Amino acid sequence: MRLLFYAALVLALAGCETVATTQPGTVGIERKQTMMVSAQEIDQAAAQEYRKVITAAQQKGTLDRNAQHVQRVRTILNRMIPQTAALRADAPKWAWEVHVIQENQLNAWAMPGGKMVVYSGLIEKLQLTDNELAAIMGHEIAHSLREHARERVSQDMATGLGVSIAGALFGLGEVGTQLAGAVANVTFNLPHSRAHEVEADRFGVELAARAGYDPHAAVSLWQKMLSAGGGGGPQFLSTHPSPENRLADLKVYADRVMPLYQQARR
Ligand SMILES: [Zn+2]
């Protein structure tokens, strides 16, 4: 009994809150999320981890080596940033950042706060069109907007895995380091949950459409990804597991956001 009381107290003091990170958008995502760590702490941890990855790539000489790739991802990001306002008002002001790392990985990811990396292998091997590149970036941006990493770290805190609540509660110096490790783990190692993937897919097509990219390119993107998945498979699929019905769901939601696309093209 006493233990339960303390557990409840710790949860309350640790700032456990239920939030709506985004507006429902045209695709209609309304799921509320339970957070046990502040967005500010997570974003700080993410920025720190992101800088590590970028610095390491710089030292290896693999950062932004192909000017054309860099130009393409920046153009897409710059077109999408203003459109994020439809899903959350604060997002256009985030310190968004994208880099291309010259590596033969079929991978891309976004950290909290809009810090993204696209690997050259993905663009080159899958011969992505701009619409397909926008589909993958829209999906990653959606993970950031929905704060899926913060939610995942919170879930791990609640179940006693990962960052300790006591640490968060007492603000020990180690917490920043622990959080940074947790953000990296969520980004690079842990598979996204099915619920997170569905949300990122749906918001992804909406963002692409709003930015004037054909939302149906998400379908061809995932077809390419899946056919590259044999024999070891793209790294992307290990953190972005693909439910059987992904292609069907993407098509339904791409159809739904077509008016946004047509409007953007006008
Ligand atoms: Zn994903």
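Below, all heavy atoms of this structure are taken into account, side chains as well, without hydrogens, waters or symmetry copies. It should be emphasised that the depicted structure is a prediction, and the values quoted were computed from it without experimental measurement. Position 1 is the first residue of the sequence, and the numbers go up from there. Counting starts at 1 for both ligands and their atoms, in listed order.
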Which protein N, O or S atoms does the Zn ion (ligand 1) have within a distance shorter than 2.8 Å?
His139 NE2, His143 NE2, Glu197 OE2, His240 NE2
Could you walk me through whether Trp222 and Ile136 pass the side-chain contact (heavy atoms from CB on, under 4.5 Å) test, one step at a time?
CA-CA 9 Å; Trp222 284 102; Ile136 204 155; 5.9 Å; no
For the aromatic rings, using the six-membered ring if either is Trp, is the centroid distance between His139 and His192 under 6.0 Å?
no
side-chain hydrogen bond (donor to acceptor under 3.5 Å, both in side chains) partners of residues 71-84, not counting sequence neighbours, each pair once:
Gln71-Thr75, Arg72-Asp130, Arg79-Tyr213
Please collect all ring pair (Phe, Tyr, Trp, His ring centres under 6.0 Å) contacts where either partner lies in residues 56-91, sequence neighbours excluded, each pair once.
none
Per-pair distances, 0.1 Å, donor-acceptor, side chain in residues 42-54, under 3.5 Å, sequence neighbours excluded:
unit_1: Glu49; atom_1: OE2; unit_2: Lys52; atom_2: NZ; d: 2.9
unit_1: Tyr50; atom_1: OH; unit_2: Met116; atom_2: O; d: 2.6
unit_1: Arg51; atom_1: NH1; unit_2: Glu97; atom_2: OE2; d: 3.3
unit_1: Arg51; atom_1: NH2; unit_2: Glu97; atom_2: OE1; d: 2.9
unit_1: Arg51; atom_1: NH2; unit_2: Glu97; atom_2: OE2; d: 3.1

Return the minimal non-hydrogen interatomic distance between Thr21 and Met35, and the atom names on each side.
CG2-CE, 3.9 Å
